[in-house]
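Written below as structure tokens is the structure these notes are about.
Just so it is clear: chains get the letters A, B, ... in the order the sequence lines come, proteins before strands, and each one is counted from 1.
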There are 2 protein chains.
Amino acid sequence: MAKKIPEKVVSRLTFYHSIVSEFIEKNEQNITSSQLAHRLNIDDSQVRKDFNLLNKVGRCRVGYCPKDLKETIENTLGFSNKRNAFIVGAGHLGLALAKYDKFDNYGLNILALFDTDPLKIDMQINDKKIFHITKLLDLASELNVDIAILTVPRQPAQDVADFLIESGIKYIWNFTPCVLSAPKYIKVWNENLMASFLQFACKEID
Amino acid sequence: MAKKIPEKVVSRLTFYHSIVSEFIEKNEQNITSSQLAHRLNIDDSQVRKDFNLLNKVGRCRVGYCPKDLKETIENTLGFSNKRNAFIVGAGHLGLALAKYDKFDNYGLNILALFDTDPLKIDMQINDKKIFHITKLLDLASELNVDIAILTVPRQPAQDVADFLIESGIKYIWNFTPCVLSAPKYIKVWNENLMASFLQFACKEID
């Protein structure tokens, strides 16, 4: 990302990207800010304001060219910087993330999964192999991976995180409900489903 | 929520809540703002500033009483307003969410799951039964449920959302990668994993 783009705008840009991708699939030659706004239940003016933050948006006669718009969003958000990652924990959540088809498009390459359950080892999920956790150190160094997506249960979460850090992992995207302790040089990104729910519940339902 | 609390503070409050719960489990009688700050790699002053937004925080001699603090966070965030919800889509993600033990504590009761796969119907996940999707209309009205957590694949997502809306669902927490179209009176909360990743990746890795 060349410019500093606020979090909420990044979030909307990924939604615009999804909608524009649909338009391209349907071979549409044009997309307007009101079509995007309508889909997200926001104002047209918000969409145009967000687009002012993009590097350059190719305009068509009555809107934007979907292909150009998609490319501009991708360049702005830096999807072309490919990053390799491991999923640690091949339970339901780990498998769901391994099958999540959007990660590839957004520059996140999941190379493998890790678990301790002998029944899961050597299984393939979406062309990604599940290895025993003891292989992680060697594979991380061999494949140059320093991002781990942590999807183990709460109870072993801290021990597994400690092991990942010892194995050279520098970035942990934490999907466990545990608030991890980590040295300052390790970047932990806590995926906070409960905060997300509370935003949803408090804003919309009360 | 009595007061309007900013999103980032809500997010931190849920983390404080997790850490405080651990302290209570370990029978600790005291917790300090620097213990909380250290765990989240933030400044003590931020923790104290956040606590100023809470209704009332019981202070101990050198910090806070974990039990009081936990209760205050719960009251402030409104965990006691119980809400019933269905999970629609019993794939890996749906099952992971059905097993997510934190929802209960935060006032979200998942009552049942729905799917179309005959092999899954009548299975129990974490004491929640999987029903055929055709039962949803009756069960939603019988159990007074108007929140659906949507975890189906991208391809059928819009059709399933339309069906949910016809069945009386008013709030959709959307975990699919599809940006749903919905009438304005339906509240859709898009869980945006890609935006989350981009925040993580752009801020921390570039």
(message) So which residue, B:Leu40, B:Leu13, B:Leu180, B:Leu108, ends up with the most heavy-atom pairs under 4.5 Å with chain A?
(response)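 Top option by heavy-atom pairs under 4.5 Å: B:Leu108.
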
(request) Taking all non-hydrogen atoms of both residues into account, name the closest pair between A:Leu95 and B:His92 and its distance. (result)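 Minimum heavy-atom contact is CD1-CE1, 3.4 Å.
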
(message) Could you report the tightest heavy-atom contact between A:Ser18 and B:Pro177, atom names first, then the distance?
(response)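 Minimum heavy-atom contact is OG-O, 3.9 Å.
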
(request) Verify side chain to side chain contact (heavy atoms under 4.5 Å, CB included) between A:Lys8 and B:Glu7, making sure each step is shown before the conclusion. (result) CA-CA 11 Å; A:Lys8 293 211 168 166; B:Glu7 267 184 53; 3.0 Å; yes

(message) According to side chain to side chain donor-acceptor pair (under 3.5 Å), who are the partners of B:His132, at least two apart in sequence or on a separate chain?
(response)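 B:Thr134.
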
(request) Decide yes or no on side chain to side chain contact (heavy atoms under 4.5 Å, CB included) for B:Asn41 and A:Lys184, but give the supporting numbers first. (result) CA-CA 7 Å; B:Asn41 275 340; A:Lys184 278 214 191 273; 3.7 Å; yes

Take atom [atom1] of [X] as the centre, draw a 6.0 Å sphere, and report whether it contains more than 12 heavy atoms from other residues, nucleotides or ligands.
| X | atom1 | value |
| --- | --- | --- |
| A:Lys82 | NZ | yes |
| A:Lys99 | NZ | no |
| B:Gln155 | CD | no |

(request) Against chain A, label B:Lys170 side chain, backbone, both or neither, depending on which of its atoms sit under 4.5 Å from a heavy atom there. (result)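 For B:Lys170, there is no contact with chain A at all, as no heavy atom is under 4.5 Å.
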
Once rounded to the nearest 0.5 Å, what's the spacing between atom [atom1] of [X] and atom [atom2] of [Y]?
| X | Y | atom1 | atom2 | value |
| --- | --- | --- | --- | --- |
| A:Asn192 | B:Thr14 | CG | OG1 | 3.5 Å |
| A:Ile19 | B:Ser181 | CD1 | OG | 8.0 Å |
| A:Arg154 | B:Tyr100 | CZ | OH | 7.5 Å |

(message) Between A:Leu36 and chain B, with a heavy-atom cut-off of 4.5 Å, which part of the residue counts as in contact: side chain, backbone, both or neither?
(response)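 The answer is neither part of A:Leu36.
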
(request) Determine whether A:Leu193 and B:Leu97 make a side-chain contact, defined as any pair of heavy atoms from C-beta on separated by less than 4.5 Å. (result)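 They are in contact (side-chain heavy atoms under 4.5 Å apart), so the answer is yes.
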
